[in-house]
Amino acid sequence: MKVAKEWRLGSMGDTKILPGSRHRSPLKRPIWIILMVSFVSLFLVCAYIYPPNSDVACYVFSSRGCKVLTDWLPPPKRELTDEEIISRVVVRDILDTPPVESKNPKIAFMFLTPGSLPFEKLWDMFFRGNEGRFSVYIHASKEKPVHVSPYFLNREIHSSPVTWGAFSMVDAERRLLAYALKDPDNQHFVLLSDSCIPLHNFDYVYNYLMHANMSFIDCFVDPGPHGNGRYSTRMLPEVEEKDFRKGAQWFTMRRQHALLVMADSLYYSRFRDYCRPFADGKNCIADEHYLPTFFNLVDPGGIANWSVTRVDWSERKWHPKSYRAQDVTYDLLRNFTSIDMTTHITSNAGGEELLQPCIWNGTRRPCYLFARKFYPETLDKLVTLLNF
């Protein structure tokens, strides 16, 4: 009688014993792969440090030529020009120097006008009772203004003719800043036109500007023909297209930034020489590009990227919307003072709208202190409605 065999762990039973594995010699290292990787690495390093100067050298490695190298390698850092080094030293020292404390800090109101100021009566109401807290400067490019307010008497500076769109506009702005900087008590500088009006009383404007930790300089990227389409490669190497900016000319700026504008000769000369109407077949308007690009390069974190002067470009024409007497209402002015988003409209096909909240010292606030463009016929209605 057969007896069942008990299965036990480890019992070999009927299991066949396979022959042991053969002893294998160590694998040969792929030396050719290591050599190839080393060669390619060395080639890329050399190409980065000593980029090919001829098409023949590029096509040895790729039918696409040098383009394949630029796709793979980071752009090499170029050596700064002497002018750039000097500019950066000056900018650094001005920004690092603490502002001089004034016992009587003032705002400089700088008016850029062809002649008389049609809203002088309104500005007189705005300034009244705030003597010692402001200064007035007038650049009259065509004729000597006739004044109706004592605050504007004898406040004209030496002026030169100004042509719309020409670089003479930038020169007029700098001339106003230079005269205003002569008074050490002037701590904030406001550029205004003859069609500008105040939207708030003086105390509101004074506190808004004097306590701000930035300058209100308009600045944005416009990829369209009236933005980057105006850029000239003749501005290289100091101004690259990626740094080119656009913005409204109506700025307000802190004293340190006004000093930067006065100290600049490098970027000023590039825009003077290569940003002009119809230069190189481009219609470059310097007052829309010089300061936005300059501050984007030297102190991008120190500007708000929007202007506190309300201008309506919604009609998308060469000039902004203008207001006549029938347009001026309480609701219109209230709307201006409640807007807390600024809008930039690009010049590319379709005109993209770029929206940005107005952030003042980290807090969202209404954007605008002033507005333009108003016809002289609106004066009486504005005096009645604003009633400072």
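Looking at D327 and R324, no side-chain N of the basic residue comes within less than 4.0 Å of a carboxylate O on the acidic one, giving no salt bridge. Here E238 does not pair with R78 in a salt bridge; the nearest charged N to carboxylate O distance is not below 4.0 Å. Checked for salt-bridge contact, K321 and D312 miss the test: no charged N lies under 4.0 Å from a carboxylate O. The existence of a salt bridge linking R365 and D340 is excluded, since no basic side-chain nitrogen approaches an acidic carboxylate oxygen closer than 4.0 Å. For D171 and R175, the salt-bridge test fails: no basic side-chain N is under 4.0 Å from an acidic carboxylate O. In summary, D264 and R270 do not engage in a salt bridge, as defined by a charged side-chain N under 4.0 Å from a carboxylate O.
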Can you check side-chain hydrogen bond (donor to acceptor under 3.5 Å, both in side chains) on D299 and H257, steps first, answer last? CA-CA 9 Å; D299 191 22; H257 282 160; 2.8 Å; yes
Going through the checks in order, is the side-chain contact (heavy atoms from CB on, under 4.5 Å) test met by W250 and V190? CA-CA 8 Å; W250 311 109; V190 180; over 6 Å; no
Would T342 and Y368 satisfy side-chain contact (heavy atoms from CB on, under 4.5 Å), going step by step from the backbone distance to the final call? CA-CA 9 Å; T342 185; Y368 301 117; 3.5 Å; yes
Dump the intermediate steps for salt bridge (charged side-chain N to carboxylate O under 4.0 Å, His left out) on D185 and R133, then the final yes or no. CA-CA 9 Å; D185 288 332; R133 303 172 72 194; over 6 Å; no
Full working for side-chain contact (heavy atoms from CB on, under 4.5 Å) between L112 and L192: CA-CA 6 Å; L112 190 56; L192 299 159; over 6 Å; no
Applying side-chain contact (heavy atoms from CB on, under 4.5 Å) to F111 and L117, what does each step give before you reach the verdict? CA-CA 9 Å; F111 291 88; L117 294 165; 4.1 Å; yes
What verdict does the side-chain hydrogen bond (donor to acceptor under 3.5 Å, both in side chains) test give for H289 and Q249, after you've listed the backbone C-alpha separation in whole Å, the side-chain angles of each residue and the deciding distance to 0.1 Å? CA-CA 8 Å; H289 296 285; Q249 71 181 110; over 6 Å; no
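In this structure, S87 contributes its side chain and L266 its backbone to no donor-acceptor pair below 3.5 Å. Q187 places a side-chain N or O within 3.5 Å of a backbone atom of P184 that can act as its donor or acceptor partner. Looking only at distances, no side-chain donor or acceptor of E241 sits under 3.5 Å from a matching main-chain atom of Y231. Side-chain N or O atoms of S135 include none that pairs as donor or acceptor with a backbone N or O of A108 at under 3.5 Å. Distance alone, capped at 3.5 Å, places no donor-acceptor pair between the H344 side chain and the D218 backbone. Between the S338 side chain and the R334 main chain, a donor and an acceptor come within less than 3.5 Å of each other. Of the possible polar contacts, none joining the S141 side chain to the S160 backbone as a donor-acceptor pair under 3.5 Å is found.
Note: N186 CG to Y179 OH = 14.5 Å, rounded to the nearest 0.5 Å. In this structure, the separation between CD on E120 and OG1 on T113 is 10.0 Å, given to the nearest 0.5 Å. Note that CZ of R372 and SG of C196 are 5.5 Å apart. Values are rounded to the nearest 0.5 Å. Residue L191 holds its CG atom at 10.5 Å from NE2 of H139, rounded to the nearest 0.5 Å. In this structure, OH on Y290 lies 15.5 Å from CE on M169, to the nearest 0.5 angstrom. To the nearest 0.5 angstrom, N305 atom CG is 8.0 Å from N296 atom CG.
Using a 30° and 60° split on the angle between ring planes, H188 and F216 fall in the tilted class, from 30° to 60°. Between F134 and Y151, the angle of the ring planes goes over 60°, which puts this pair in the perpendicular group of the 30/60° scheme.
The side-chain tip of R155 points at the ring of Y137 from less than 6.0 angstrom away and within 45° of straight on. Annotation: cation-pi pair R174/Y268 present, NZ/CZ under 6.0 Å from the ring centroid and within 45° of its normal.
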Can you give me every donor-acceptor pair (side chain of residues 380-388, partner residue at least two apart or in another chain, under 3.5 Å) with its distance?
{"residue": "K381", "atom": "NZ", "partner": "A325", "partner atom": "O", "Å": "3.1"}
{"residue": "K381", "atom": "NZ", "partner": "V328", "partner atom": "O", "Å": "2.8"}
{"residue": "T384", "atom": "OG1", "partner": "D380", "partner atom": "O", "Å": "3.1"}

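S102 and N104 form no side-chain donor-acceptor contact under 3.5 Å, judged by distance and modelled atom types alone.
When the options C284, P277, P225 are evaluated for a side chain to side chain contact (heavy atoms under 4.5 Å, CB included) with R230, the one that passes is C284.
Neither L95 nor M214 shares a network with the other; the hydrophobic side chains, linked directly or stepwise wherever heavy atoms of I, L, V, M, F, W or Y lie under 4.5 Å apart, form separate groups for each.
Looking at residues two or more places apart in sequence or on another chain, you find no salt bridge (Lys or Arg N to Asp or Glu O under 4.0 Å) involving R245.
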